[in-house]
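Letters A, B, ... are given to chains in the order of the sequence lines, protein chains preceding strands, and every chain is numbered from 1.
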Amino acid sequence: MNLFIVMFKEIVDNLRDRQTVFYALLFGPVLLPLLLGGSMVASFKQLSIDFDQITRLSVVNADKAPQLIEFLYSNNVDVDPAPRNVQSSVRYGDTLVVLEIKDDFASALRAGEPAPLTLHMNNADKDSSKAARRITTLLRVYEQTINALRLQHRGIDPLTFDSLNIIQNDVSSDGANGQLLASILPFLFIMSMVMGGFYLAIDTTAGERERQSLEPLLSLPLSRTAVVFGKYGATLCFVTLSGLLTALSIYTLFKLFPVELMGGQIRFDGKTLTRAFLLASPLLLFISALLITVSAITRSTKEAQTYLGLLMVIPMAPFFLLQFLNVRSTTMSMPIPMLSQYQLLESTVLGDTIPWLHIALSAAGTLIATAVLLFLASHLYRRERLLH
Amino acid sequence: MIIARQLRKSFKPASRLSGKGKRAKRIVAVDDVSFDAADGSITGLLGPNGAGKSTTLRMLATLVSPEHGHAIIDGFDVQHDVLEVRQHLGFMPHNAGIYPRLTSRENIHYYARLCGLDNRQSQQRVGELIEQLSMSDFADRRTAGFSQGQKTKVALARALVHQPQTIMLDEPTNGLDVMATRGLRDIIRTLAANGHCIVFSSHIMQEVAALCDHIAIISNGVIAMEDTLQGILQRTAQTDLEDAFVVATRSLQDNALDTNRS
Ligand SMILES: Nc1ncnc2c1ncn2[C@@H]1O[C@H](COP(=O)(O)OP(=O)(O)OP(=O)(O)O)[C@@H](O)[C@H]1O
Ligand SMILES: [Mg+2]
């Protein structure tokens, strides 16, 4: 009960603060999408992927086919040992694709029979199917070389069997632009959530100490837990409001732009944005807790702004990390708050199927981190040092 | 009613520069404070700056807990029955600490709700207080930019909102002009006449002499003397409180020297 009284008061109080309202209702939801979305659209079609890049491929039984491995190597593919559980490793994105060389590969080849190979891939994952396409193309080339040798061995000109000479000329940008545009969605979401609660969190904790209104408040007959959670609740309201408004404005913004024409299979329709919001919703709790806890530690609003300003790197870090390093969604990255939501939201916009395990891990990791932060915050409020 | 016995509190010094290497010495804010404050009377905690008045009141208000000693407020122990003590206590700290973006009425209403009054009761009580403290001129204005006197009134109304039996005011007349000080004194006298226990701290002799039934002189964290104004003047053989204060604190220092020697 007291919790709601504190929460309601903080909301009313902060709705009267121009700065808080500007950042919660205008900066994140309107200004940021316009600025970023606008410049993104302008810089379209400037990026492409380098296909001569060296890639790595996990191979089971690599020693059974040394010539094939040699061939792959000369075509910029480096071979890695295979993970223990091939199926689940590929399924959960820990490995892109795995080439399995069957035990009887060499003997079949010698006997002039079709030699068995299995390529494990995940068609729901854009990166995996892209890698699979590349490996398949290489294997076809290798197959043609063997065919040619076999035919020559029997005195037949291999060219007799090449009735068509197909040259593929791929002009699409293969998702490069789409990828960048897709990564904007999580960035906008997370940034506006943080900005939405930023000033309220500082005002209700460090600000209250600075105004010296904390001392009389804590001498009232109510538990300090109610005080902390009331302030947390108020922050959560602002963060959620900001997040919702951002979803709405992204929806409107991309309705105006013909995204389909801009290369890429990205979606910004209502259903996708709803899914994205739901996937990001554990972050609402996490971000509010982070804001409240950090500003509760600090002594003044100025100090709080400095610390939180530095902390702003956290929501931005995955954005740049994923841009340049291409960190992939794996079972390992999923329990990490922020990073996992970046990846999940990106996949959502790109239309990839997301394994339930990933969704569960992401939510669980984020909620556990939230609980730890809230525990810390209520501990801070029980200390005497809070008052001076 | 307040019974305080041998309260002690020390703080770690804020600066980390002083205690390089070895552990920095703790600052003893309150060393040995015992006094009584009865219902229906006004008790003054008189002491110079840094004597430990605010720290004593903070311990009584359950904001910090004493390292030693104990205190009972209206039958409840400040360390064990925290919520009951807070329910019986109205505390107005040194700085008003009101919310600048809320109106006077909203400031008081917030505290009323937190003290357990429902919306209707709270509105009624806030109305009463606004009338009682003659605040109607600025009741519905946001408190940003209020004069010191107006701020003090809002803070006082907040402290009184749950009709506490015991009321503690930390230097309430700070920054008030003559008329406002007189107004506040009248309010305090009325509260005492209605049976409330009032404790207020001050470093101004005349004020304490004019208002208090009972005086506790505090210096360097120790109560030097505790009695009625008459009693203190008699015991120190002086005719005004200022001289009595000097004598009382000097005798305290002598005592301290004696105990150090022995
Ligand atoms: N949080 C704290 N950290 C360190 N020292 C403190 C702290 N609080 C009080 N002190 C010290 O304890 C002593 C007593 O302080 P206190 O505020 O109780 O004095 P006071 O009698 O209220 O003085 P004033 O009349 O100036 O308000 C002072 O020396 C002060 O510096
Ligand atoms: Mg003081």
Side-chain angles (χ1 to χ4, degrees), chain A residues 1-22 199-200 202-231 233-234 298-301 303 380-388, chain B residues 9 11-12 14 29 54-55 57-67 76 78 81-103 106-107 109-119 122 142-144 154-156 158-159 161-162 164 168 170:
Chain A
M1 189 59 218
N2 280 332
L3 188 159
F4 291 107
I5 297 170
V6 173
M7 180 172 136
F8 182 69
K9 177 259 164 191
E10 297 297 4
I11 291 173
V12 171
D13 195 350
N14 276 279
L15 278 176
R16 293 181 184 175
D17 187 61
R18 271 199 218 118
Q19 187 172 305
T20 312
V21 171
F22 169 77
Y199 286 100
L200 184 132
I202 292 177
D203 184 82
T204 56
T205 53
E208 180 134 68
R209 287 172 74 177
E210 208 166 66
R211 279 194 300 267
Q212 290 168 312
S213 53
L214 188 62
E215 205 172 305
L217 179 69
L218 294 183
S219 67
L220 294 181
L222 75 161
S223 79
R224 295 192 177 184
T225 321
V227 175
V228 180
F229 280 88
K231 290 167 187 296
T298 58
R299 285 164 196 280
S300 64
T301 51
E303 203 178 296
L380 282 171
Y381 263 78
R382 259 180 269 123
R383 287 192 323 176
E384 282 180 6
R385 286 250 310 276
L386 186 70
L387 285 175
H388 32 262
Chain B
K9 183 77 190 173
F11 295 102
K12 242 191 269 168
S54 298
T55 308
L57 296 186
R58 281 200 190 109
M59 281 191 274
L60 296 174
T62 72
L63 290 168
V64 297
S65 55
E67 285 161 24
F76 298 103
V78 293
D81 317 313
V82 176
L83 287 182
E84 284 90 346
V85 168
R86 292 182 191 163
Q87 191 74 55
H88 285 81
L89 192 69
F91 176 46
M92 190 176 100
H94 188 86
N95 308 84
I98 53 180
Y99 300 105
R101 290 188 299 261
L102 300 185
T103 66
E106 286 165 337
N107 263 292
H109 183 72
Y110 179 43
Y111 271 42
R113 295 303 311 276
L114 286 178
C115 289
L117 275 67
D118 69 26
N119 202 29
S122 156
R142 292 196 191 169
T143 66
V154 177
L156 181 63
R158 272 194 336 192
V161 80
H162 55 303
M168 299 196 308
D170 194 358

- Query: Based on non-hydrogen pairs under 4.5 Å, which of B:Gly90, B:Cys115, B:Ser65, B:Ala159 is most in contact with chain A?
  - Reply: B:Ser65
- Message: Working to the nearest 0.5 angstrom, can you tell me the gap between B:Tyr111 OH and B:Tyr99 OH?
- Response: 4.5 Å
- Task: Select one option (side chain, backbone, both, neither) describing which atoms of B:Glu84 are under 4.5 Å from chain A's heavy atoms.
- Result: neither
- Message: Under a 3.5 Å threshold, yes or no: a donor from one side chain and an acceptor from the other, between A:Glu210 and A:Thr301?
- Response: yes
- Query: Who wins among A:Leu220, A:Leu222, A:Asn2 for the most heavy-atom pairs under 4.5 Å with chain B?
  - Reply: A:Leu220
- Count the heavy-atom pairs under 4.5 Å between each of B:Ala96, B:Pro93, B:Ala61 and chain A, then report the option with the highest count. B:Pro93
- Results of side chain to side chain donor-acceptor pair (under 3.5 Å) for B:Asn119 - residues two or more places apart only: B:His109
- Item | For chain B, the option from A:Gly207, A:Ser223, A:Ser219 that forms the most heavy-atom pairs under 4.5 Å | A:Ser219
- Between A:Arg209 and A:Glu303, does at least one N-O distance fall below 4.0 Å, as a salt bridge requires? no
- Query: In terms of side-chain geometry, is the basic nitrogen of B:Arg142 or A:Asp13 positioned less than 4.0 Å from the acidic oxygen of its partner?
  - Reply: no
- Side chain, backbone, both or neither: which part of A:Leu214 has an atom under 4.5 Å from a heavy atom of chain B? neither
